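So the structure is just underneath, and the comments pick up after that.
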Amino acid sequence: MKAFYTDHFVLPLPAGHRFLMEKYSRLRDCVSTLNGIELLEAPAASDTQILYAHDPSYLIKIIEGKLSAEEQREIGFPWSEKMVERSRRSAGATVAAAKNALQEGVAINLAGGTHHAYRDLGSGFCIFNDSAIAARTLQKEVNAKLKVAIIDLDVHQGNGTAAILQQDPTIFTLSIHGENNFPFKKELSDLDIGLPDGCDDQTYLPALEDSLSQLDSRFKPDCLIYLAGADPHEGDRLGRLKLSKEGMRLRDERVFAFALDQKLPIAISMAGGYGKEIESTVDIHFQTIKTALHFQQQY
């Protein structure tokens, strides 16, 4: 199974910044111990690929460093050339994973899940929307008739993804998220499930089961992009949900079983995770990858 990494393209952030850059290198260290996974440096998404999902004037502002102070605050990162390069690589990793999954069943981006980026605006630590870019790239560069479903199980709604793809009947957006969490203005996905604060395994897993049934009855995708956020976990500082570690494993298992049952290729990105201890977040992401590897061997 291929896993694409970007952790050596580091964002220069001020001390104490709440975005945990360190989790990516720690995760790659864990993944390197597994048999059956090939680690590959992520390619950079090209301008053309980025423009499948983003406005040209926005891309130019990012490349040339012409974001206003307010736009940089909305993103949550100060602009730098390293920020641009890392953002390209993070999107390119999901593109590479999606293309690879078409051949091998399952592939992983060890970062990504930047679902708050809009067509012409970055937000919530997200510059380029890797899921939208990857879905459109598959259609533009592999097969124009591919139908793609994006299953977003980060604790925050995939608002940017929903907005970019709202009028696109060939890409289905499913978001299961904390209703009272960021973003406070939600967009309209094809299917939104907003969960209450404190939601546990017993509430979450049936909601997921029902959502996958609705996806199957309404859309019939050819491939999947899965945002496996670690932030619904009970140990997350920003998540406000209460899934146990075992509940997180069952969540992943249910998505992978859905893909395997339908013989659907699946590309996985890690999305958010802000554990009170960084080890907790890395552990949840690593569990997702081990679960994915088990299913990939059955394809």
Side-chain angles (χ1 to χ4, degrees), residues 5-25 42 44-95 109-134 152 154-165 175 177-178 181-187 227 229-231 236-239 269-275 278 281:
Y5 63 87
T6 58
D7 57 273
H8 56 314
F9 299 99
V10 177
L11 270 172
L13 296 175
H17 197 284
R18 65 178 179 172
F19 189 80
L20 301 173
M21 281 299 303
E22 188 187 342
K23 80 170 184 178
Y24 299 109
S25 57
S46 67
D47 288 354
T48 299
Q49 290 169 338
I50 292 167
L51 292 173
Y52 295 147
H54 290 283
D55 189 85
S57 60
Y58 174 65
L59 176 58
I60 290 166
K61 276 202 284 190
I62 293 290
I63 292 170
E64 296 183 353
K66 293 182 178 175
L67 294 169
S68 68
E70 184 180 344
E71 287 170 321
Q72 291 179 66
R73 276 195 301 275
E74 179 66 24
I75 289 171
F77 298 142
W79 184 89
S80 66
E81 289 184 359
K82 288 183 177 181
M83 182 200 84
V84 180
E85 182 66 15
R86 178 176 169 78
S87 301
R88 280 190 186 275
R89 298 280 177 165
S90 188
T94 301
V95 170
N109 175 1
L110 295 181
T114 47
H115 58 167
H116 298 311
Y118 283 74
R119 180 169 175 78
D120 57 355
L121 178 76
S123 179
F125 307 143
C126 303
I127 292 97
F128 300 134
N129 193 304
D130 63 311
S131 298
I133 290 168
D152 189 340
D154 188 278
V155 82
H156 306 105
Q157 194 215 26
N159 56 333
T161 312
I164 291 170
L165 300 172
S175 180
H177 50 265
N181 211 323
F182 179 90
F184 302 109
K185 178 184 178 292
K186 305 292 193 283
E187 301 290 348
L227 284 72
D231 41 14
D236 197 87
R237 286 180 293 126
L238 307 180
S269 62
M270 294 298 98
Y274 310 92
I278 192 170
T281 298

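Values in this document were obtained by computation on a predicted structure and should not be read as measured data. All values below come from the heavy atoms of this structure, side chains included, with hydrogens, waters and symmetry mates left out.
When the side-chain contact (heavy atoms from CB on, under 4.5 Å) test is applied to N181, the partners found at least two apart in sequence or on another chain are V155, H156, R240. The side chain to side chain donor-acceptor pair (under 3.5 Å) search around R88 returns D47, not counting sequence neighbours. For F9, the ring-ring contact (aromatic ring centres under 6.0 Å, His included) criterion is met by no residue, not counting sequence neighbours. Taking the side-chain contact (heavy atoms from CB on, under 4.5 Å) definition, one finds that S57 meets it with D55, sequence neighbours left out. Residues passing the side-chain contact (heavy atoms from CB on, under 4.5 Å) test with A134 are T94, V95, A98, I225, sequence neighbours excluded. Qualifying side chain to side chain donor-acceptor pair (under 3.5 Å) partners for N159, counting only residues two or more places apart in sequence or in other chains: H116, Y118. Evaluation of the side chain to side chain donor-acceptor pair (under 3.5 Å) rule for T161 yields N129 as partners, not counting sequence neighbours. When the side chain to side chain donor-acceptor pair (under 3.5 Å) test is applied to T6, the partners found at least two apart in sequence or on another chain are R86.
Taking both residues in full, the closest heavy atoms of Q49 and A44 are given as OE1-O, 4.4 Å, listed atom of the first, atom of the second, then distance. For D7 against S25, the heavy-atom pair with the smallest separation is CB-N, 3.6 Å. Minimum heavy-atom separation, G275 to T281: N-OG1, 2.7 Å. Across all non-hydrogen atoms, the minimal contact from A230 to D236 is O-OD1, 4.4 Å. In terms of heavy atoms, A117 sits closest to H54 at CB-CE1, 4.2 Å. P56 and L51 get closest at one heavy-atom pair: CA-CD2, 3.5 Å.
Not one N or O on the side chain of D231 forms a donor-acceptor pair closer than 3.5 Å with the backbone of Y274. Of the possible polar contacts, one joining the T114 side chain to the F128 backbone as a donor-acceptor pair under 3.5 Å is found.
For the salt bridge (charged side-chain N to carboxylate O under 4.0 Å, His left out) condition, no pair includes a residue of residues 111-132, sequence neighbours left out. Screening residues 58-69 for side-chain hydrogen bond (donor to acceptor under 3.5 Å, both in side chains) gives K61-E71, E64-K66, S68-E71 as the qualifying pairs, with residues at least two apart or on separate chains. Contacts classified as side-chain hydrogen bond (donor to acceptor under 3.5 Å, both in side chains) and involving residues 72-82 (residues at least two apart or in different chains) are given here: E74-S123.
Expressed to the nearest 0.5 Å, how far OG of S175 lies from CG of D152 amounts to 4.5 Å. The line from CD1 of I62 to CE of M83 is 4.5 Å long, rounded to the nearest 0.5 Å. Summarising the geometry, atom NE2 belonging to H115 is positioned 12.5 Å from atom CD belonging to E187; distances are rounded to the nearest 0.5 Å. If you take CE on M270 and CG on L110, they are separated by 6.5 Å, rounding to the nearest 0.5 Å.
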| task | Go through the steps to decide whether L227 and S131 satisfy the test side-chain contact (heavy atoms from CB on, under 4.5 Å), and finish with yes or no. | result | CA-CA 8 Å; L227 284 72; S131 298; 3.3 Å; yes
| said: Using the rule given for side-chain contact (heavy atoms from CB on, under 4.5 Å), can you reason through I127 versus I75, listing the C-alpha separation, both sets of side-chain angles and the distance that settles it, and then say yes or no? | reply: CA-CA 7 Å; I127 292 97; I75 289 171; 4.0 Å; yes
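In this pair, F184 and F182 present their aromatic rings perpendicular. The plane angle is above 60°, beyond the 30 to 60° band.
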